[in-house]
Amino acid sequence: MLQLFKQTQKSLFNIPLSNSLLQIKRFYDQKVIDHFENPRNVGTFDADELDIGTGLHGSLACGDVMKIQLKIDKEGIIEDAKFKTYGCGSAIASSSFLTEQIKGKHIEKALGINNKDIAKELNLPPQKFHCSLMAQQALKSAFLNWREKNQDHKCVSGNNTTSKKLRELAEEDKEQEEKN
Ligand code: FES
């Protein structure tokens with residue numbers, strides 16, 4: 001399989017594999033390469049479980065898809081997080097980095113991590129910002145899915161900071177859509 005991939009890559013792009021890998025390594029920051037080669041928290045939870053929130057987000061810019069799942073405890077703490085990403089190295093690194101960052105955090109704090117933080121940490125070039133945005137939006141969708149299943153949780157009901165954070169994120173999304 002690897003051999004087939006190498007042959008296909010060589011014939012499609014007509015460049016020696018060692019050169020193309022070198023170019024990738026020059027283009028991406030070492031942190032992206034590390035997350036791409038050793039992704040953290042890859043996997044899935046049972047989406048039917050009550051304490052699991054599942055978020056799926058696709059990028060209109062490139063057609064890539066990312067799934068983030070959160071396991072949230074009674075206190076609103078993210079006990080565990082998993083992801084599956086069908087996309088570029090930046091998208092894989094963004095989801096791997098984000099799941100690492102949010103584990104053990106209260107959902108309010110986790111929602112405070114935005115795509116600019118991810119892009120800055122991974123040194124993503126501007127043309128790859130949408131990859132980190134996909135991670136932020138998949139996280140938000142996962143939380144919304146969990147919230148739907150846990151309507152009586154204190155993080156859900158009333159005019160609390162989590163709801164405020166979600167309103168801010170919705171406004172940011174709207175601005176982003178208007179720019180595109
Ligand atoms: Fe599609 Fe990165 S190019 S998510």
Side-chain angles (χ1 to χ4, degrees), residues 29 31-32 34-36 38-59 61 64-124 128-177:
D29 189 273
K31 285 180 198 160
V32 174
D34 178 38
H35 279 283
F36 178 69
N38 311 290
R40 282 60 134 184
N41 306 311
V42 174
T44 50
F45 293 123
D46 181 353
D48 292 335
E49 292 294 325
L50 205 60
D51 59 346
I52 302 297
T54 301
L56 197 65
H57 201 83
S59 165
D64 292 346
V65 180
M66 182 184 292
K67 180 172 86 175
I68 288 186
Q69 290 187 298
L70 309 173
K71 185 175 169 64
I72 301 175
D73 75 6
K74 290 190 169 37
E75 302 303 316
I77 304 288
I78 300 173
E79 266 180 31
D80 206 352
K82 299 242 178 262
F83 81 93
K84 271 200 173 172
T85 295
Y86 300 93
C88 70
S90 300
I92 291 167
S94 295
S95 37
S96 171
F97 170 74
L98 182 62
T99 52
E100 233 184 5
Q101 292 302 305
I102 59 178
K103 273 166 80 168
K105 281 198 170 65
H106 190 276
I107 189 65
E108 268 169 24
K109 273 224 149 116
L111 287 169
I113 301 172
N114 66 28
N115 75 304
K116 290 181 195 126
D117 301 323
I118 300 169
K120 191 173 167 205
E121 185 61 34
L122 297 175
N123 280 321
L124 295 182
K128 290 288 177 183
F129 282 0
H130 74 274
C131 317
S132 57
L133 185 63
M134 201 156 83
Q136 183 193 334
Q137 290 177 326
L139 170 65
K140 188 180 74 177
S141 303
F143 172 68
L144 289 175
N145 174 252
W146 174 83
R147 189 174 76 158
E148 229 177 270
K149 295 197 262 179
N150 293 272
Q151 287 296 329
D152 56 350
H153 195 280
K154 62 177 188 280
C155 285
V156 174
S157 52
N159 191 19
N160 56 31
T161 43
T162 310
S163 306
K164 194 169 157 244
K165 187 77 222 157
L166 281 169
R167 278 197 298 277
E168 285 168 15
L169 287 173
E171 277 164 27
E172 277 176 30
D173 282 358
K174 219 173 139 194
E175 276 171 31
Q176 194 72 32
E177 274 169 26

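Count residues from 1 along the sequence. Computed from a predicted model, the values in this text were never measured in an experiment.
- Ion pairing between a basic and an acidic side chain is recognised when a charged N comes within 4.0 Å of a carboxylate O; Arg40 and Asp34 show such pairing.
- Under the 4.5 Å side-chain criterion, counting only non-hydrogen atoms from C-beta, Met134 is in contact with Asp64.
- Side chain of Lys140 to main chain of Gln136: no donor-acceptor pair is present (N/O by atom type, distance under 3.5 Å, no hydrogens or angles).
- Among Ile52, Thr99, Leu139, the one residue that satisfies the side chain to side chain contact (heavy atoms under 4.5 Å, CB included) test with Leu70 is Leu139.
- Here the shortest heavy-atom pairing between Ala110 and Ile78 reads CB-CD1, 3.5 Å.
- Within the 4.5 Å cutoff, the side chain of Leu122 has heavy atoms near those of the Ile118 side chain.
- Listed here is the closest heavy atom pair of Leu124 and Phe129: O-CE1, 3.2 Å.
- Side chains of Lys82 and Thr44 form no contact here, defined as non-hydrogen atoms less than 4.5 Å apart.
- Using a distance-only test at 3.5 Å, with no hydrogens or angles considered, a donor-acceptor pair links the side chain of Gln69 to the main chain of Phe45.
- Asn41 and Lys103 share a side-chain donor-acceptor pair at under 3.5 Å.
- Closest approach of Gly104 to Ile77, counting heavy atoms only: O-CG2, 3.6 Å.
- Across all their heavy atoms, His57 and Ser141 have their closest contact at ND1-OG, 4.5 Å.
- One finds the CD atom of Glu121 at 10.5 Å from the CD1 atom of Ile113 (value rounded to the nearest 0.5 Å).
- Atoms CD and OG, on Glu100 and Ser95 in that order, are 11.5 Å from each other to the nearest 0.5 Å.
- In this structure, the separation between CZ on Arg147 and CG on Asn150 is 11.0 Å, given to the nearest 0.5 Å.
- Atom CG of residue Leu133 and atom CE of residue Met66 lie 9.5 Å apart, to the nearest 0.5 angstrom.
- Ala47 and Lys149 make their closest contact through O-NZ, 2.8 Å (heavy atoms, listed as atom of the first residue, atom of the second, distance).
- The closest side-chain heavy-atom distance from Thr85 to Val65 is not below 4.5 Å.
- Within the 4.5 Å cutoff, side-chain heavy atoms of Cys131 are placed close to those of Cys88.
- Other residues, nucleotides and ligands place more than 12 heavy atoms under 6.0 Å from the NZ atom of Lys105.
- At a threshold of 4.5 Å between non-hydrogen side-chain atoms, the residues Asp51 and Ile72 do not count as touching.
- Side-chain contact between Phe143 and Leu111: present, with at least one pair of heavy atoms (C-beta onward) separated by less than 4.5 Å.
- When every heavy atom of Ala135 is checked against every heavy atom of Ser94, the shortest pair comes out as CB-CB, 4.0 Å.
- Side-chain atoms of Ser96 never come within 3.5 Å of backbone atoms of Ile92 as a donor-acceptor pair (strictly under, hydrogens ignored).
- Phe83 is not listed as a side-chain neighbour of Lys67, based on a closest heavy-atom distance of 4.5 Å or more.
- For the atom pair CD1 (Ile68) and CD1 (Ile102), the distance works out to 6.0 Å, reported to the nearest 0.5 Å.
- Remark: side-chain polar atoms of Asp117 are paired, donor with acceptor, to backbone N or O of Asn114 under 3.5 angstrom.
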